[in-house]
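For this chain, numbers begin at 1 and follow the sequence in order. This is a predicted model, so every value here is computed, not measured.
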Amino acid sequence: MRQSFFDEGILDQQFSQLEQLEEKGNPSFLEQVFTMYFNDSTRVLATVEQAMGETDSLDIGEVDHVLHKFKGSTASVGASKVLSEIINIRKLLGEGDLQGAEVAFQELRKEYDNLKAKLELYFQQLREAGPAETASAPHPK
């Protein structure tokens, strides 16, 4: 399952680097990082969605600022497909293409929801398997 994240381009090498930070004393470090990421991301996505829904008074600079911070946290966990969508939305907003940005936001939502669902299942399987499985997980190509 883990390798499919890399094969499908959902995650990148940053995820592997985070995995290497796990220690015997804290075997759920990676899951904790993603729990914080998902908690923060949920708020960010709601903020962006609300702002983009108010096209009459849309503050593109503020939305871009929020997306810029989201881009940083997304890159730090290695969520490459989500990151690509954030970059695309920022580009479209910069070009003044609000309609395109709204469509891209829906794609961001789809990629984010896919990432979250797959990682929640992955972490659940790791908890059920125990720490030995984590240590023997293959590394990406």
Side-chain angles (χ1 to χ4, degrees), residues 1-135 137-141:
M1 175 179 215
R2 179 190 175 281
Q3 187 61 43
S4 70
F5 299 148
F6 298 98
D7 294 343
E8 295 172 29
I10 295 171
L11 295 172
D12 64 23
Q13 287 297 105
Q14 185 62 29
F15 180 86
S16 297
Q17 291 174 358
L18 287 172
E19 282 180 316
Q20 293 172 9
L21 296 175
E22 286 194 337
E23 301 171 354
K24 291 184 194 250
N26 189 8
S28 62
F29 171 76
L30 189 62
E31 184 174 6
Q32 292 169 359
V33 167
F34 272 92
T35 297
M36 287 186 296
Y37 170 76
F38 290 135
N39 287 341
D40 290 344
S41 301
T42 299
R43 287 189 295 273
V44 168
L45 290 170
T47 299
V48 172
E49 186 170 33
Q50 180 181 2
M52 291 183 72
E54 300 169 359
T55 53
D56 296 342
S57 61
L58 177 64
D59 182 346
I60 292 176
E62 179 60 28
V63 172
D64 185 64
H65 177 73
V66 170
L67 286 171
H68 178 72
K69 291 194 311 188
F70 187 35
K71 178 182 146 194
S73 63
T74 299
S76 72
V77 297
S80 53
K81 281 192 173 183
V82 172
L83 179 61
S84 292
E85 293 304 325
I86 295 168
I87 291 168
N88 187 38
I89 293 170
R90 292 187 71 212
K91 176 182 159 287
L92 292 166
L93 286 173
E95 295 169 353
D97 184 356
L98 300 183
Q99 193 171 25
E102 288 177 19
V103 171
F105 181 78
Q106 295 310 313
E107 189 62 27
L108 168 61
R109 267 291 205 196
K110 185 182 96 177
E111 291 299 342
Y112 173 82
D113 290 343
N114 183 47
L115 171 72
K116 187 174 181 183
K118 287 186 176 195
L119 282 179
E120 285 175 346
L121 178 61
Y122 174 68
F123 290 130
Q124 178 185 346
Q125 289 177 347
L126 284 180
R127 285 190 306 274
E128 291 170 0
E133 287 294 318
T134 306
H139 291 290
K141 299 174 189 172

Please lay out, stage by stage, how E31 and T35 fare under the test side chain to side chain contact (heavy atoms under 4.5 Å, CB included). CA-CA 6 Å; E31 184 174 6; T35 297; 4.2 Å; yes
[X] and [Y]: which non-hydrogen atoms are nearest, and at how many Å?
{"X": "S16", "Y": "R2", "answer": "OG-NH2, 3.4 Å"}
{"X": "L83", "Y": "T74", "answer": "N-CG2, 3.6 Å"}
{"X": "G100", "Y": "L92", "answer": "O-CD1, 3.3 Å"}
{"X": "L11", "Y": "F6", "answer": "O-CD2, 3.6 Å"}
{"X": "L58", "Y": "A51", "answer": "CD1-O, 3.1 Å"}

Does [Y] offer a backbone N or O that forms a donor-acceptor pair with the side chain of [X] under 3.5 Å?
{"X": "K81", "Y": "E8", "value": "yes"}
{"X": "S80", "Y": "G9", "value": "yes"}
{"X": "S76", "Y": "S73", "value": "yes"}

Rounded distance (nearest 0.5 Å) linking atom [atom1] of [X] with atom [atom2] of [Y]:
{"X": "K91", "Y": "D97", "atom1": "NZ", "atom2": "CG", "answer": "8.0 Å"}
{"X": "L67", "Y": "I60", "atom1": "CG", "atom2": "CD1", "answer": "11.5 Å"}
{"X": "L108", "Y": "S84", "atom1": "CG", "atom2": "OG", "answer": "10.5 Å"}
{"X": "Y37", "Y": "L30", "atom1": "OH", "atom2": "CG", "answer": "13.0 Å"}
{"X": "E62", "Y": "T47", "atom1": "CD", "atom2": "OG1", "answer": "9.0 Å"}
{"X": "E85", "Y": "R90", "atom1": "CD", "atom2": "CZ", "answer": "14.0 Å"}

Are the side chains of [Y] and [X] in contact, using a 4.5 Å heavy-atom criterion?
{"X": "F15", "Y": "I10", "answer": "no"}
{"X": "N88", "Y": "E107", "answer": "no"}
{"X": "K69", "Y": "V44", "answer": "no"}

Dump the intermediate steps for side chain to side chain contact (heavy atoms under 4.5 Å, CB included) on F105 and V63, then the final yes or no. CA-CA 12 Å; F105 181 78; V63 172; over 6 Å; no
In terms of ring plane angle, is the pair F123 and F34 parallel, tilted or perpendicular, where the classes change at 30° and 60°?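 The rings of F123 and F34 sit tilted, inter-plane angle from 30° to 60°.
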Side chain to side chain contact (heavy atoms under 4.5 Å, CB included) assessment of L119 paired with F5: CA-CA 9 Å; L119 282 179; F5 299 148; 3.7 Å; yes
Around atom CD of E95, are there more than 12 heavy atoms from other residues, nucleotides or ligands closer than 6.0 Å?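 Yes, CD of E95 has more than 12 neighbouring heavy atoms, counting only those of other groups under 6.0 Å.
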Check the surroundings of atom CD in Q50: do more than 12 heavy atoms from other residues, nucleotides or ligands lie under 6.0 Å from it?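 Check fails, neighbour count at 12 or below.
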I'd like to know if the side chain of E102 pairs up with that of Q106 as donor and acceptor (distance under 3.5 Å, no hydrogens or angles considered).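 Looking only at side-chain atoms, Q106 and E102 do not form any donor-acceptor pair under 3.5 Å.
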